[in-house]
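First the structure, in the form of structure tokens, and then the observations on it.
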Amino acid sequence: MRLALYSGIILACGYTCLTPALAADPTGDWRVADGVANIRVAQCNGSMWGAVSWEKTPGGRDQNNPDVSKKNRPTLGMAILIDMKKKADADQWEGQVYNAKDGQLYASTITPAGGDQLEIKGCVLGFLCGGETWTRVGPPIPSSPANSMAKGTPKTTGAAPRMAATAAPAAPKSTGASAKPGQKGAADPVGDICLLPEIAGFAH
């Protein structure tokens, strides 16, 4: 069964010739097979997380979530890869993936395949596994200074740290859209995903 992951990104050039040293780094912005969103992957408090950083169709809502209180939450900034831990014996991370098309969580792995592809696999109760391959469109992201915030240290005043520049496209602006934690600049409405409440709050 092919897992229909919520995903997508506009193709950008310049990242197909990354050095071997970056080959095992899953961080950065990725284009996923169905072309509906960018997924930004970063290390937050020792785990890999991925969140929607751009949408082909702005204004998406998590309407298939079985939790009624979440059906109206924006999909922009929503966590897709959740608390993924590195396996000791492989360049692979294990955790959960959220599939917004059916509102379900699946046991999942992410595995870098060279410097410009990321293999995503998910299984239901250990079987009926499927997946897809994402294509890199943004460079790896340095470990976020926000990690210390996730551990409960006092927050410093001033602007939130900006992540490394990515090739995420400037999505059409939605009227009345509010800034999210980590936002800096209209072209990058999500910014550092480690500052998003859903991710930062997980570590507390």
Side-chain angles (χ1 to χ4, degrees), residues 2-15 26-44 48-65 70-84 93 95-106 108-110 112-113 116-122 130-141 163-199:
R2 180 181 180 279
L3 201 62
L5 302 178
Y6 183 98
S7 56
I9 293 174
I10 290 182
L11 182 62
C13 62
Y15 301 102
T27 68
D29 278 45
W30 301 88
R31 171 180 132 174
V32 193
D34 63 6
V36 298
N38 290 2
I39 305 300
R40 178 167 297 159
V41 180
Q43 181 171 300
C44 304
M48 288 295 170
W49 289 77
V52 180
S53 60
W54 171 83
E55 298 175 315
K56 184 176 181 180
T57 303
R61 299 287 168 175
D62 190 20
Q63 58 188 1
N64 296 317
N65 197 308
K70 294 181 178 179
K71 285 183 179 293
N72 199 42
R73 70 171 175 171
T75 48
L76 185 66
M78 185 175 67
I80 298 299
L81 301 178
I82 299 169
D83 195 31
M84 307 199 82
W93 285 257
Q96 292 184 305
V97 62
Y98 176 68
N99 181 0
K101 290 189 174 180
D102 64 9
Q104 299 299 315
L105 289 169
Y106 296 86
S108 178
T109 62
I110 56 173
D116 62 348
Q117 292 186 325
L118 189 66
E119 295 179 351
I120 314 297
K121 294 183 179 179
E132 62 186 40
T133 300
W134 298 357
T135 302
R136 181 183 290 282
V137 297
I141 297 170
M163 289 182 15
T166 67
K173 297 176 184 176
S174 299
T175 57
S178 58
K180 290 188 177 295
Q183 177 174 348
K184 186 176 181 182
D188 185 6
V190 173
D192 188 338
I193 67 169
C194 297
L195 295 175
L196 295 172
E198 184 178 0
I199 296 175

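No hydrogens, no waters, no symmetry mates; every other heavy atom, side chains included, goes into these values. It should be emphasised that the depicted structure is a prediction, and the values quoted were computed from it without experimental measurement.
Between Asp62 and Tyr98, some side-chain heavy-atom pair lies under the 4.5 Å cut-off. At a threshold of 4.5 Å between non-hydrogen side-chain atoms, the residues Asp102 and Asn64 do not count as touching. In this structure, Met48 and Val41 have side chains that are in contact, with non-hydrogen atoms separated by less than 4.5 Å. Considering only heavy atoms from C-beta on, Leu105 stays 4.5 Å or farther from Val97 through its side chain. Taking 4.5 Å as the limit, some side-chain heavy atom of Ile82 sits within range of a side-chain heavy atom of Trp49.
Counting only distance, with no hydrogens or angles, the side chain of Asn65 and the backbone of Lys71 share no donor-acceptor pair below 3.5 Å. Between the side chain of Arg136 and the backbone N or O of Asp116 there is no donor-acceptor pair closer than 3.5 Å. Judged by distance alone, the side chain of Ser108 and the main-chain N or O of Lys121 form a donor-acceptor pair under 3.5 Å.
Separating the CZ atom in Arg31 from the CG atom in Asn38 is a distance of 10.5 Å, to the nearest 0.5 Å. Rounding to the nearest 0.5 angstrom, the gap separating the CZ atom in Arg40 from the CG atom in Asp29 is 4.0 Å. A distance of 13.0 Å separates OG1 of Thr109 from CD of Gln96, quoted to the nearest 0.5 Å.
For the residue pair Ile193 and Cys44, the shortest heavy atom distance occurs at CG1-SG, 4.3 Å. Across all non-hydrogen atoms, the minimal contact from Leu196 to Ala51 is CD1-CB, 3.9 Å. Nearest heavy-atom pair, Pro112 versus Leu118, reported as atom, atom and distance to 0.1 Å: N-CD1, 3.7 Å. Contact detail for Ala79 and Ile199: the closest heavy-atom pair is CB-CG1, 4.4 Å. When all heavy atoms of Cys194 and Ala42 are compared, the closest pair comes out as SG-CB, 4.5 Å. Listed here is the closest heavy atom pair of Glu55 and Val52: CG-CG1, 3.9 Å.
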Note to self: Under the criterion salt bridge (charged side-chain N to carboxylate O under 4.0 Å, His left out), I'd like the reasoning laid out for Glu198 against Lys70: C-alpha separation, chi angles, the key distance, then a yes or no.
What the structure shows: CA-CA 12 Å; Glu198 184 178 0; Lys70 294 181 178 179; 5.9 Å; no
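Partners of Thr27 according to the side chain to side chain donor-acceptor pair (under 3.5 Å) rule, which considers only residues two or more places apart in sequence or in another chain, are Asp25.
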